[in-house]
Asks: 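Structure incoming, see below.
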Amino acid sequence: MKFGGTSVADPERIARVARLVAAEARKGHQIAVVVSAMAGKTNELVAWTDAAGSPAQGVELCDDEYDVVVASGEQVTAGLLALTLRSQGLNARSWLGWQIPIIADDAHGRARIEAVEADALGAAIDGGQIAVIAGFQGVTRDGRIATLGRGGSDTSAVAVAAALKAIRCDIYTDVDGVYTTDPRIEQRARRLAKISYEEMLEMASLGAKVLQTRSVELAMSQHVAVRVLSSFVEPDDMSEHTGTIVCDEEEIVEKRIVSGVAYSRDEAKISLLGLPDHPGVSSKIFSKLGDANVNVDMIVQSRARTSETANMTFTVGKRDAGRAMELIRSVQAEVGFEDAEVDEDVAKVSVIGVGMRSHTGVAKTMFGALADKGVNIQVISTSEIKISVLIEAAYTELAVRALHAAYGLDQIG
Ligand code: ADP
Ligand code: ASP
Ligand code: MG
C-alpha cells in the first residue's frame, strides 16, 4: 500500500490511512506500506536547499547533501504512521531506505534503485509486523542517502512489491484511479477500469503525473500488478473493482483506439536557423547535447526553400534549456548555423492508445480537432502508440479538452 503526499498531509489524514491499513491487516494480509512526505513538504525542503546554494535541479546532478535534506520529509511520515498504527494496537515499525536497505546508484536527485535487499524486511513482515517504509529514498553503495526523483515514492512502492513478491501494489492517491486525462483539467474525464503497462508508461512519460514513469517501467519489467485508487474511500466501500488496474494488454477486454490524453508544460523549444544542409550537422549538435546529458525529445528538420540551408527545431526539458543553449552556442562557429532561439512558452499534448497500431485516421482526427479550435501545431512526433504535438502553452487546456471530446472519451451525461 503506497500513500502519496495529499493522503498523509496532516495527522487526521494519517489516521485515515492507518484505518485503511488496519482494515487490510484484519483481512489477514501481510502488508508493507510506503509513504510520501506530507503534501508540500518536499517543495519546501527543495527551496531550503536552493537557499543554501544548491544548484537548481537540471542536467547536472544534485549535491549529495541535497538528498540528505529532501529525503527527510518521508522519514517524518513513516514515523508518524507507525506511531498511529501502534496507538491503534497494531504491531508496526518504520523503515528508512538505508535500514532495509534499498540500494540506489549515486545519481543524486534522480537516483535509480539497483536492488532491494528485503530479507530483514520480509522476516519482520512474516513475524506479523506491518512495515512502514519511507518512500523516495535509498542508500548508495558508499552509504550516502539518494533520492529517486520527484514522485519517486511510486517507484519505491513498486520496487518493494517486486522484492517481496507482493500480490499487488496498491497506489493510494487523491484521485480514484487513472483517468482518460487529468481530471483537474477535464471534468468529463472517465476513470479507466484497466490500462495496459505500455499505455500507462506513455501517459506517465508524456506528463500524467499520477504515477512516476520509472515505477511503471519497473512494474512492467518485474510483472508487478499495480492498482491506483483513492485514499479517501472508506474501507467498507472497497472491492476488487475499486480504482484502476495497470496490467498486460491481453487482460483488457474493452478495445479502445485512444485511451487517454496527456499534457506537459515541462519542455522548451529550441530552433536552429540557417544550418548548412550537409551530412554530420545533426550528429555534431546532438553529440554535444548527449555528452552533457541533455535529453532531447521531439525533433524536426526541414530544408529552407531559398538556399542550401535547413532549419531544425527540437525540444528539451525546460530546466535544461539554458544549458542546452550554452552548449549549442559553443558549437555555432564549428557547425555554422545562423541563429538559435529558445521558446519556453510551449506545451506538449499527446494522445495515447495501443489501438493506434491497427487503426488509421487517428492523426487526422487529432489535427482536425486542433484546427477547429484554431490551435497551431508547431512540432509533431509519433510512435506506434502515441501522437504528440507541440503548441503554444496558453492553448493547453483547450487542446486537451478538444482532443478528449474528439476521440469520444468524454463521460456521457
Ligand atoms: P500523490 O501525491 O498521491 O503521489 P500525485 O499528485 O503525484 O499524487 O498524482 C495524482 C494527480 O495526478 C491527480 O491529482 C491528478 O491531478 C493528476 N493526474 C494527471 N493525469 C492524470 C490521469 N490521467 N489520471 C489521474 N490523475 C491524473
Ligand atoms: N515526496 C516526493 C516528491 O514530492 C516523492 C513523492 O511524493 O513520491 O516528489
Ligand atoms: Mg505522485
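In each ligand, atom 1 is the first atom listed, and ligand 1 is the first ligand listed. Note: hydrogens, waters and symmetry copies are ignored here, and every other heavy atom, side chains too, is used.
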Asks: Is it the case that more than 12 heavy atoms not belonging to Gln75 sit under 6.0 Å from its CD atom?
Replies: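 Open.
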Asks: Out of curiosity, is Lys2 lining ligand 1, as in a heavy atom under 4.0 Å away?
Replies: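 Under 4.0 Å: yes for Lys2.
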Asks: State, yes or no, whether a side-chain contact exists between Val139 and Ile145 at a heavy-atom distance under 4.5 Å.
Replies: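 No, side chains not in contact.
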Asks: May I ask whether Gly177 has any heavy atom positioned less than 4.0 angstrom from an atom of ligand 1?
Replies: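 In this structure, Gly177 qualifies as a contact of ligand 1 - some heavy atom is under 4.0 Å.
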Asks: Just which atoms of ligand 1 are under 4.0 Å from any heavy atom in Tyr179?
Replies: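 Those of ligand 1 that fall under 4.0 Å from Tyr179 are 22 (C), 23 (N), 24 (N), 25 (C).
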Asks: What part of Arg184, side chain, backbone, both or neither, has a heavy atom within less than 4.0 angstrom of ligand 1?
Replies: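 Contact part for Arg184 vs ligand 1: side chain (C-beta onward).
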Asks: Given that the side chain starts at C-beta and the backbone is N, CA, C, O, which of these parts of Thr181 lies under 4.0 Å from ligand 1, counting heavy atoms, or is it both or neither?
Replies: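 Looking at Thr181 and ligand 1, just backbone atoms fall under 4.0 Å.
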Asks: Under 6.0 Å between the ring centres of Tyr172 and Phe232?
Replies: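 So the answer is no for these two rings.
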Asks: I'd like to check which ligand 2 atoms, numbered from 1 as shown, lie under 4.0 Å from a non-hydrogen atom of Thr42.
Replies: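 That gives atoms 1 (N), 2 (C), 3 (C), 4 (O) of ligand 2.
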Asks: Just need the protein heavy atom nearest to atom 27 (C) of ligand 1, so name the residue and atom and give the distance.
Replies: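 Scanning the protein heavy atoms, the shortest distance from atom 27 (C) of ligand 1 goes to Val210 CB, 3.7 Å.
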Asks: I need the nearest protein heavy-atom contact for atom 1 (P) of ligand 1: residue, atom name and distance, please.
Replies: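 I find the closest protein heavy atom is Thr173 OG1, 3.5 Å.
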Asks: Tell me, which protein residue and heavy-atom name are nearest atom 11 (C) of ligand 1, and how many Å apart are they?
Replies: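 Among all protein heavy atoms, the one nearest atom 11 (C) of ligand 1 is Asp174 OD1, 3.9 Å.
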Asks: If we only consider heavy atoms of Gly5, is any one of them less than 4.0 Å away from an atom in ligand 2?
Replies: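 It does not; every heavy atom stays at 4.0 Å or beyond.
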Asks: Among protein heavy atoms, which lies nearest atom 6 (C) of ligand 2, and at what distance?
Replies: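 The protein heavy atom lying closest is Ser153 OG, 3.4 Å.
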Asks: Enumerate the atoms of ligand 2 whose separation from the nearest heavy atom of Ser36 is less than 4.0 angstrom.
Replies: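 Checking each atom against Ser36, I get 6 (C), 7 (O), 8 (O).
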Asks: Stepwise, does the side-chain contact (heavy atoms from CB on, under 4.5 Å) test hold for Leu80 with Met38?
Replies: CA-CA 11 Å; Leu80 288 176; Met38 292 175 173; 3.6 Å; yes
Asks: Can you report which non-hydrogen protein atom sits closest to atom 7 (O) of ligand 1, along with the distance?
Replies: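 Among all protein heavy atoms, the one nearest atom 7 (O) of ligand 1 is Lys209 O, 3.4 Å.
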Asks: I need the nearest protein heavy-atom contact for atom 4 (O) of ligand 2: residue, atom name and distance, please.
Replies: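 Protein heavy atom with the smallest distance to atom 4 (O) of ligand 2: Arg150 NH2, 2.9 Å.
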Asks: Any ion pair linking Arg357 and Glu384 (charged N to carboxylate O, less than 4.0 Å)?
Replies: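 Yes, this pair counts.
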Asks: Glu74 to ligand 2: N or O pair under 3.5 Å?
Replies: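 Yes; at least one N/O pair falls below 3.5 Å.
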Asks: Does ligand 1 have a heavy atom under 4.0 Å from the side chain of Gln212, from its backbone, from both, or from neither?
Replies: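 Under 4.0 Å from ligand 1, Gln212 contributes no heavy atoms.
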Asks: Ser7: heavy atom below 4.0 Å from ligand 1, yes or no?
Replies: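 No, Ser7 has no heavy atom closer than 4.0 Å to ligand 1.
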Asks: May I ask you to identify, for Ala189, whether its side chain, its backbone, both or neither come under 4.0 Å of ligand 1 on a heavy-atom basis?
Replies: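 For Ala189, there is no contact with ligand 1 at all, from either part.
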Asks: Does only the side chain of Asp182 get under 4.0 Å from ligand 1, or the backbone, or both, or neither? Count heavy atoms.
Replies: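 Near ligand 1, Asp182 shows its backbone as well as its side chain.
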Asks: If you measure only the distance, is there a donor-acceptor pair under 3.5 Å linking the side chains of Asp126 and Gln30?
Replies: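 Short answer, yes.
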Asks: With only distance considered, is Gly5 within less than 3.5 Å of ligand 1 through an N or O on each side?
Replies: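 Yes, at least one N or O pair falls under 3.5 Å.
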Asks: Ile270 versus Glu341: any side-chain heavy-atom pair under 4.5 Å?
Replies: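 Answer no - side chains too far apart.
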Asks: Just to verify, which of Asp182, Thr181, Thr180 counts as forming a side-chain hydrogen bond (donor to acceptor under 3.5 Å, both in side chains) with His404?
Replies: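 Result: among Asp182, Thr181, Thr180, Thr180 is the only option passing the side-chain hydrogen bond (donor to acceptor under 3.5 Å, both in side chains) with His404.
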Asks: Report, in ascending order of atom number, the atoms of ligand 2 lying under 4.0 Å from any heavy atom of Gly151.
Replies: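 Within the 4.0 Å cut-off of Gly151, ligand 2 contributes 3 (C), 5 (C), 6 (C), 8 (O), 9 (O).
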Asks: Is the backbone of Ile185 close enough, under 3.5 Å, to the side chain of Arg401 for a donor and an acceptor to pair up by distance?
Replies: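 Side chain of Arg401 to backbone of Ile185, a donor-acceptor pair under 3.5 Å: yes, one is there.
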